Amino acid sequence: MMKKVAMIAAAAAMVLPLGMGAIAPANDGLTAFAAAKPAAKKATHTLISAKAMKKAAYHVKTTNVALYSAKFAADQPKVTMAKKGVLGGSQTYYATKKIVVKIKATKTAKAKKVTYAYIKTANGKIKGWVAFSKLTAGRFKAADGKADINKAADKIAGKTYTLISAKNLKKTAFHFKDNHPAFYSGKFAADQAKVTLTKKGLLPESTTFYATKTITIKKANKHVKYDYVKGGQAKGWVLASQLTAGQFKAAD
């Protein structure tokens with residue numbers, strides 16, 4: 001058993017050397033965006049194998065793919081993973097490492113083996129471990145995101161609200177921090193004060209959005225504001241309270 005532990009640790013040390021201590025650091029490239037959140041729930045898994053990959057481009061087809069940090073034990077085949085955020089759909093990610101872990105059984109699920117890839121964006125602002133099965137080979141193309149948004153919109157029913165007010169805004173920069181806001185299409189009635197909002201997806205991370213319009217609707221007997229924003233491959237109506245004024249900076 002000790003020989004097996006040593007072999008796996010040695011393999012991990014060769015695969016994961018860059019700024020990762022003996023095997024990996026506690027934060028695994030944790031971004032300030034993720035650090036601003038409350039501590040994530042951690043889970044420790046058995047590390048079956050670790051190896052380097054030839055650098056390859058990937059993207060994701062959905063906007064809710066979990067991104068994890070990973071801390072590798074130095075003296076036993078174990079890895080502790082914690083969710084640090086979710087990947088945006090409008091990005092190209094580059095995978096360079098791969099691990100296989102065994103996730104123990106729970107009351108509702110059997111034990112299983114899962115392969116994770118270490119990915120990061122070209123600018124290095126987004127990086128971490130992702131279930132390999134969630135990645136699609138190749139660079140992101142605008143057509144991928146648009147197709148997914150259209151499919152999602154077809155499946156989600158819109159909700160109609162009373163429109164209290166609508167006005168243009170001076171073009172203003174926003175970003176988001178501790179949340180991952182949804183954005184919506186808006187269909188305005190021609191003959192009455194009504195607007196139908198339909199979810200299109202989630203805003204991409206590490207992006208500056210520019211608001212040009214704002215509306216106030218009546219929602220659950222409250223007046224709620226939505227701003228129309230554009231940024232990355234996303235454009236639509238976003239709950240104003242989920243946006244932070246100013247351009248996105250890595251420190252955010």
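All of these numbers come straight from a predicted model, not from anything done at the bench.
- When every heavy atom of K84 is checked against every heavy atom of S69, the shortest pair comes out as CD-N, 3.6 Å.
- Taking hydrophobic clusters as Ile, Leu, Val, Met, Phe, Trp and Tyr residues chained together by side-chain heavy-atom distances below 4.5 Å, F174 shares a cluster with F183.
- Counting only heavy atoms from C-beta outward, the side chains of F176 and T207 never approach each other to under 4.5 Å.
- Looking at Y118 and K127, their side chains come closer than 4.5 Å, going by heavy atoms from C-beta outward.
- Put simply, the side chain of F209 does not reach to within 4.5 Å of the side chain of K235, judged on heavy atoms.
- Scanning all heavy atoms of the two residues, the minimum distance from K125 to N123 falls at N-OD1, 3.0 Å.
- Here the straight-line distance linking atom NZ of K199 with atom NZ of K159 works out to 11.0 Å at 0.5 Å rounding.
- Scanning both residues, A50 and I99, for their nearest heavy atoms gives CB-CG2, 3.8 Å.
- I103 is connected to Y68 through a chain of hydrophobic side-chain contacts under 4.5 Å among Ile, Leu, Val, Met, Phe, Trp and Tyr, so both are in one cluster.
- For the residue pair T162 and K194, a side-chain donor N or O sits within less than 3.5 Å of a side-chain acceptor on the partner.
- Put simply, the side chain of I126 reaches to within 4.5 Å of the side chain of Q91, judged on heavy atoms.
- For the pair K171 and Y210, the cation-pi test (distance below 6.0 Å, angle within 45°) is passed.
- Rounding to the nearest 0.5 Å places CE of M81 at 10.5 Å from OG1 of T44.
- Between the side chain of H175 and the backbone N or O of L243 there is no donor-acceptor pair closer than 3.5 Å.
- Once rounded to the nearest 0.5 Å, the distance linking NZ of K42 with NZ of K71 reads 6.5 Å.
- The distance from atom CD of Q247 to atom OG1 of T172, rounded to the nearest 0.5 Å, is 11.5 Å.
- Taking both residues in full, the closest heavy atoms of P204 and G231 are given as CG-O, 4.2 Å, listed atom of the first, atom of the second, then distance.
- When hydrophobic clusters are built by joining Ile, Leu, Val, Met, Phe, Trp and Tyr residues whose side-chain heavy atoms come closer than 4.5 Å, directly or via intermediates, L239 is not grouped with L202.
- The side-chain heavy atoms of V238 and L203, taken from C-beta on, include a pair separated by under 4.5 Å.
- When side chains are defined from C-beta on, L47 does not count as touching K78, because their heavy atoms never get closer than 4.5 Å.
- The same ILVMFWY cluster, assembled from side-chain heavy atoms under 4.5 Å apart, contains both V101 and W129.
- Counting all heavy atoms, side chain and backbone alike, H59 lies closest to A137 at CE1-O, 3.7 Å.
- The cationic group of K200 does not satisfy the cation-pi geometry with Y184, failing either the under 6.0 Å distance to the six-membered ring centre or the 45° limit from the ring axis.
- Within the model, atoms OG1 of T92 and CZ of R139 stand 6.0 Å from one another, a figure rounded to the nearest 0.5 Å.
- When every heavy atom of M53 is checked against every heavy atom of A95, the shortest pair comes out as CE-CB, 4.0 Å.
- Between V130 and L135, the closest side-chain pair of non-hydrogen atoms falls below 4.5 Å.
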Please tabulate, for side-chain N and O atoms in residues 215-228, each donor-acceptor pair with protein atoms closer than 3.5 Å (sequence neighbours left out).
unit_1: T216; atom_1: OG1; unit_2: S165; atom_2: OG; d: 3.4
unit_1: K219; atom_1: NZ; unit_2: Y226; atom_2: OH; d: 2.8
unit_1: D227; atom_1: OD1; unit_2: T214; atom_2: OG1; d: 2.8

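- Checked against side-chain contact (heavy atoms from CB on, under 4.5 Å), A122 has the following partners two or more places apart in sequence or in another chain: Y94.
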In sequence, state the C-alpha distance, the side-chain angles, and the governing distance for F132 and Y58, and then conclude on ring pair (Phe, Tyr, Trp, His ring centres under 6.0 Å). CA-CA 10 Å; F132 194 66; Y58 291 88; 5.6 Å; yes
